[in-house]
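Read through the structure below, which is laid out as structure tokens, and then see the notes.
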Amino acid sequence: MDPKIFYEKLFAEFGDLDWWPMDHLYHKENNSDPRFEVIIGAILTQNTSWSNVEKTIDKLKRNRVLDIDSLASLDEVKLKDLIRSSGFFNQKANRLKNICKIFKNRYDSNLDLFFDNKISKIRTELLKINGIGPETADSIILYAGGKPIFVVDAYTKRVCKRIPFPVENSYEDIQKYFQSNLKQYYKGKKLTEVYNQLHALIVELAKNYCKTKPICNNCPLKKDCSFSK
DNA sequence: GTCCAGGGCCGTT
DNA sequence: AACGGCCATGGA
């Protein structure tokens, strides 16, 4: 299936989502850096529903520790308790503290310094950090850094396998496939928005139709998909 | 009670 | 390189 048709059919079904997983965070009164909230959210939401993460983010805010320096120095046992609702709290607490220490020590707690680099350098840097794999790194680059990179998640892989698209089911291959195609089709448009939008559309598709147990009946891609046949 | 959620790490083959 | 076990809570 042509990625452009794919994009357009999903857009026709779900519309302009202007989807941003941490959207609500931007409209609440708080004096913290929204980019940092995105980074923390990206770690916390690993294999975890966002509703569970919201509780944690709110808790961190209420305790006024949702900033690099506070989390870097916060007692780990206390942190585990604060993030409990996000699951995997032992490893996540450890990883969060480690990440904050890195931003504090290497970038003087200044995210401008960190994001003021080329995407490839930022990505390499992120992937070296314990607890940050490809999807988390790319989410941080796209949503916190506002830089154009296409995020591949479990939903994307599932959909790619079922349609199917002519790519191997590896992260990098799928990412390159969509990036090169979308770049070509949407010259002139802001790639950050295109990648953001397509990811949002895929999530909607996967949540509503392309579930673990797919509901193919009214799927907008029924005619294009080989899975249900 | 069971399933699943927008992963990543580590040990084993 | 690929795969399985593991980590943990909360909502459907």
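Residue numbers begin at 1 in each chain, while the letters A, B, ... track the order of the sequences. FYI, side chains are in, hydrogens and waters are out, and symmetry mates aren't considered; it's all heavy atoms of this structure. The structure presented is a predicted model; accordingly, all values stated were derived computationally and were not measured.
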Kindly indicate, with the supporting measurements, whether the criterion salt bridge (Lys or Arg N to Asp or Glu O under 4.0 Å) is fulfilled by Arg35(A) and Asp112(A). CA-CA 10 Å; Arg35(A) 294 173 300 177; Asp112(A) 289 328; 2.9 Å; yes
Between Ser139(A) and Ile132(A), just flag the one whose closest nucleotide in DNA chain B comes earlier from the 5' side.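 Nearest nucleotide further toward 5': that of Ser139(A).
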Relative to the 5' end of DNA chain B, which residue comes earlier, Ser49(A) or Gly133(A), by the nucleotide with the nearest heavy atom? Ser49(A)
Pairs involving residues 95-142 of chain A, ordered by first then second residue, that meet ring pair (Phe, Tyr, Trp, His ring centres under 6.0 Å) (sequence neighbours left out): Phe103(A)-Phe114(A), Tyr107(A)-Phe114(A)
Could you check whether the rings of Phe178(A) and Phe165(A) sit parallel, tilted or perpendicular, using 30° and 60° as the cut-offs?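 Phe178(A) and Phe165(A): perpendicular rings.
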Side chains of Lys59(A) and Ser85(A), donor plus acceptor under 3.5 Å: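 No pair is found: no donor N or O on one side chain lies under 3.5 Å from an acceptor on the other.
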For Tyr171(A) and Asp138(A), does a side-chain donor sit closer than 3.5 Å to a side-chain acceptor? yes
Rounded interatomic separation in angstrom, taking [atom1] from [X] and [atom2] from [N]:
| X | N | atom1 | atom2 | answer |
| --- | --- | --- | --- | --- |
| Glu172(A) | dG7(B) | CD | P | 16 Å |
| Glu54(A) | dT9(C) | CD | C1' | 15 Å |
| Lys128(A) | dC9(B) | NZ | P | 14 Å |
| Lys211(A) | dA12(C) | NZ | C1' | 10 Å |
| Asn169(A) | dA1(C) | CG | C1' | 14 Å |
| Asp138(A) | dG8(B) | CG | P | 9 Å |
| Tyr171(A) | dC9(B) | OH | C1' | 17 Å |

Short N/O separations, protein against nucleotides 10-13 of chain B, under 3.5 angstrom:
none

For DNA chain B, the residues among residues 148-159 of chain A that have a non-hydrogen atom under 4.0 Å from it: Asp153(A), Ala154(A), Tyr155(A), Arg158(A)
What parts of residues 96-104 of chain A reach DNA chain B, counting only heavy atoms under 4.0 Å away? none
Answer yes or no: is there a donor N or O on one side and an acceptor on the other, between the side chain of [X] and the main chain of [Y], under 3.5 Å?
| X | Y | answer |
| --- | --- | --- |
| Gln175(A) | Phe150(A) | yes |
| Gln197(A) | Tyr7(A) | no |
| Ser180(A) | Tyr177(A) | yes |
| Asp108(A) | Asn110(A) | no |
| Ser73(A) | Asp69(A) | yes |

A correct 5'-to-3' footprint of nucleotides 2-8 of chain C, with B, S and - meaning base, sugar-phosphate only and no protein heavy atom under 4.0 Å, is -----BB
Report the distance from atom CD1 of Ile140(A) to atom CD1 of Ile132(A), rounding to the nearest 0.5 Å. 4.5 Å
Closest approach to the side chain of Thr212(A), judged atom by atom: which nucleotide of dG11(C), dT9(C), dA5(B) is it? dA5(B)
Taking only the P atom of each, what is the distance from dA8(C) to dC10(B) in whole angstrom?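 My reading of the P atoms in dA8(C) and dC10(B) gives 14 Å.
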Can Lys222(A) and Glu13(A) be counted as an ion pair, charged N to O under 4.0 angstrom?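 Salt bridge absent between Lys222(A) and Glu13(A).
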Note: Ala144(A) and Ile39(A) closest approach over all heavy atoms is CB-CG1, 4.2 Å
Would you classify Ile202(A) as touching base, sugar-phosphate or nothing, given that sugar-phosphate means primed atoms plus P, OP1 and OP2, and contacts are heavy atoms under 4.0 Å?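 Result for Ile202(A) = nothing.
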Contacts of type ring pair (Phe, Tyr, Trp, His ring centres under 6.0 Å), residue Phe11(A), not counting sequence neighbours: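 Partners of Phe11(A) by the ring pair (Phe, Tyr, Trp, His ring centres under 6.0 Å) criterion come out as none, since no residue qualifies.
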dG11(C) phosphate, OP1 or OP2, under 4.0 Å from Lys55(A) side-chain N/O: yes
